[in-house]
Amino acid sequence: VQLQASGGGLVQAGGSLRLSCAASGRTFSNYHIGWFRQAPTKEREFVAAISGSGRSTYAADSVRGRFTISRDNAKNTVYLQMNSLKPEDTAAYSCAARFSLGGTRVADLQTEADYPYWGQGTHVTVSS
């Protein structure tokens with residue numbers, strides 16, 4: 001599966017952005033999707049994940065209540081709605097995919113090693 005993230009940009013603190021992760025190549029609903037981010041000089045960190053069906057989601061503590069992950073399998077796209085943005089949300093955001101096996105909880109898929117397929121990132125800059 002091939003992935004492409006988009007939707008990044010410059011926004012003021014308190015503002016909102018919606019990122020998109022478009023997929024091609026395989027049956028999209030067979031894949032769990034995760035969002036990760038990497039700020040300058042920091043390690044990549046998990047942001048949120050969604051199951052292939054879209055029925056199950058999980059978000060990191062740092063973004064829970066502000067960011068919402070969703071998907072439209074008919075459009076082969078996963079979204080990350082980011083509200084109440086903070087300067088510390090500034091990072092390159094990437095989406096990643098993992099083939100969905102029965103019984104795997106998306107809450108357990110929080111490391112880079114959990115996702116074999118990666119797309120290029122999109123940059124988000126939040127000004128104070």
Taking CD in Gln120 as the centre, count heavy atoms belonging to other residues, nucleotides or ligands within less than 6.0 Å. Is the count above 12? no
Quick one, Lys86 with Val126, criterion side chain to side chain contact (heavy atoms under 4.5 Å, CB included). Give me CA distance, side-chain angles, the key distance, then yes/no. CA-CA 6 Å; Lys86 305 175 181 179; Val126 184; 5.5 Å; no
Output the distance between atom CG (Asn83) and atom CZ (Arg66), rounded to the nearest 0.5 Å. 9.0 Å
Heavy-atom closest pair (Leu3 atom, Ala23 atom, distance to 0.1 Å) is CD2-CB, 3.7 Å
Value rounded to 0.5 Å, distance of CG in Leu109 from NE2 in His32: 6.0 Å
Would you call Leu85 and Phe67 a side-chain contact if the rule is heavy atoms closer than 4.5 Å? yes
For Trp35 and Ser20 the tightest heavy-atom approach is CH2-O, 3.6 Å
Close side-chain approach of Gln38 to Glu45, heavy-atom, < 4.5 Å: no
Just checking, is any N or O donor in the side chain of Asp72 or Thr77 under 3.5 Å from an acceptor N or O on the other one? no
Side-chain (Ser53) to main-chain (Arg55) donor-acceptor, under 3.5 angstrom: yes
Could you grab the distance from atom CG of Asp89 to atom OG of Ser84, nearest 0.5 Å is fine? 9.5 Å
Approximate separation, where rounding is to 0.5 Å, of Ile69 CD1 and Gln81 CD: 12.0 Å
Parallel, tilted or perpendicular: which fits the ring planes of Tyr117 and Tyr31, with parallel below 30° and perpendicular above 60°? perpendicular
Under the ring-ring contact (aromatic ring centres under 6.0 Å, His included) rule, what do Trp118 and Phe36 come out as? Steps first, then yes or no, please. CA-CA 10 Å; Trp118 288 79; Phe36 288 76; 5.0 Å; yes
Give me the atom names and distance for the closest heavy-atom approach of Ser62 to Arg37. OG-NH2, 3.7 Å
Within a strict 4.5 Å, meaning less than it, do heavy atoms of the Leu80 and Val47 side chains meet? yes
Answer yes if Phe46 and Val63 sit in the same cluster of Ile, Leu, Val, Met, Phe, Trp and Tyr residues linked by side chain heavy atoms under 4.5 Å apart, and no otherwise. no
Would you check, one step at a time, whether the test side chain to side chain contact (heavy atoms under 4.5 Å, CB included) holds for Val1 with Phe99? CA-CA 9 Å; Val1 61; Phe99 186 77; over 6 Å; no
Any side-chain donor near an acceptor of the partner, Gln110 and Asp108, under 3.5 Å: no
Let me confirm one number: the OH-CD1 distance from Tyr79 to Ile50, rounded to the nearest 0.5 Å. 11.0 Å
For Ala5 and Tyr93, which heavy atoms make the closest approach, and how far apart are they? CB-O, 4.1 Å
So, for Thr90 and Ala39, which heavy atoms are closest and what is the spacing to 0.1 Å? O-CB, 3.5 Å
Measure across Ala97 and Ile33 and return the closest heavy-atom pair with its distance rounded to 0.1 Å. CB-CD1, 3.6 Å
When you compare the side chain of Met82 with that of Ser16, does any pair of heavy atoms fall below 4.5 Å? no
Do the side chains of Asp61 and Arg64 get close enough for a salt bridge, i.e. N-O under 4.0 angstrom? yes
Working to the nearest 0.5 angstrom, can you tell me the gap between Phe28 CZ and Arg71 CZ? 4.0 Å
